[in-house]
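Note on naming: letters A, B, ... go to the chains in the order of the sequence lines (proteins, then strands), and numbering restarts at 1 for each one.
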Amino acid sequence: AQSVSQHNHHVILSEAASLELGCNYSYGGTVNLFWYVQYPGQHLQLLLKYFSGDPLVKGIKGFEAEFIKSKFSFNLRKPSVQWSDTAEYFCAVQNTGNQFYFGTGTSLTVIP
Amino acid sequence: GAVVSQHPSWVICKSGTSVKIECRSLDFQATTMFWYRQFPKQSLMLMATSNEGSKATYEQGVEKDKFLINHASLTLSTLTVTSAHPEDSSFYICSAPLRGSYNSPLHFGNGTRLTVT
């Protein structure tokens, strides 16, 4: 069975701190990888995606993620978080059957 | 940009009744749509893949007779929760890939909060 694991369930940071959220997946075939964000009271929005090529991908709002194939990981990073980054973050995997599976989510709280 | 519209946003129904949730792709054709269920403070659980013109594909553990999915057109998929019970209370979210194919991110509806009393 395919699964997506996010190790950090709840992260609390002060503004300007650096962020790294872990994501690992288990799937033997080719995958596409995504990070979605859900701000309070809003629907899911795409932060960034990896299909192929450069394993370091940059997304919106200063976020980036690195795909490490050997570790089946796709960790999300941001050098300096802002209060407005407070949200729920979901890692997702798309398999070749075009199905999407989501991780359990990480709740990020940024303290001003 | 691409928009997925979901209706209703919230619904309260009595136990034993059925509820239909609609998911529409507003400015693109969606041959495939996905239905998710999200419990409080938890992730999205894929329930089923809705395919236009054919039967939906259900994930393991999801009752196909309870969660009826119909994808009658390229812009509309419906999820009907039949004989709803309180344990069906949840947040249901539909989504669709913009180009309906691999290498296409998902666009999400705003979700439907179902409360069964």
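- Two residues are said to be in side-chain contact when any heavy atoms from C-beta on lie closer than 4.5 Å; B:Leu46 and A:Phe102 fail this criterion.
- Transitive grouping of hydrophobic side chains (ILVMFWY, heavy atoms separated by less than 4.5 Å) keeps B:Met33 and B:Phe28 in distinct clusters.
- When heavy atoms are compared at a cutoff of 4.5 Å, A:Phe100 approaches chain B by way of both its backbone and its side chain.
- Under the 4.5 Å side-chain heavy-atom criterion for grouping Ile, Leu, Val, Met, Phe, Trp and Tyr, A:Tyr25 is connected to A:Trp35 within one hydrophobic cluster.
- At least one side-chain heavy atom of B:Gln38 sits less than 4.5 Å from a side-chain heavy atom of A:Phe90.
- Within a 6.0 Å radius of NZ in A:Lys49, no more than 12 heavy atoms belonging to other residues, nucleotides or ligands are found.
- No single ILVMFWY cluster, assembled from side-chain heavy atoms under 4.5 Å apart, contains both B:Leu106 and B:Met47.
- At most 12 heavy atoms of other shown residues, nucleotides or ligands fall within 6.0 angstrom of atom NE2 in B:His7.
- The minimum heavy-atom distance linking B:Phe34 with A:Gln99 is given by the pair CE2-CA, 3.9 Å.
- The candidate with the highest count of non-hydrogen atom pairs below 4.5 Å against chain A, out of B:Met45, B:Glu59, B:Gln6, is B:Glu59.
- Within the 4.5 angstrom heavy-atom criterion, no atom of B:Gln60 approaches chain A.
- In the hydrophobic cluster analysis, where Ile, Leu, Val, Met, Phe, Trp and Tyr join through side-chain heavy atoms closer than 4.5 angstrom, A:Tyr50 is grouped together with A:Tyr36.
- Residues of residues 108-117 of chain B lying under 4.5 angstrom from chain A, judged on non-hydrogen atoms, are B:Phe108, B:Gly109, B:Asn110 in numerical order.
- Hydrophobic clustering (side-chain heavy atoms under 4.5 Å, transitive across Ile, Leu, Val, Met, Phe, Trp, Tyr) groups A:Val4 together with B:Ile93.
- Using a 4.5 Å heavy-atom cutoff, the side chains of A:Leu44 and B:Leu44 are in contact.
- The local environment of NZ in B:Lys55 is sparse, with at most 12 non-hydrogen atoms from other residues, nucleotides or ligands closer than 6.0 Å.
- Looking only at side-chain heavy atoms (C-beta outward), A:Gln45 and B:His107 stay at 4.5 Å or farther from each other.
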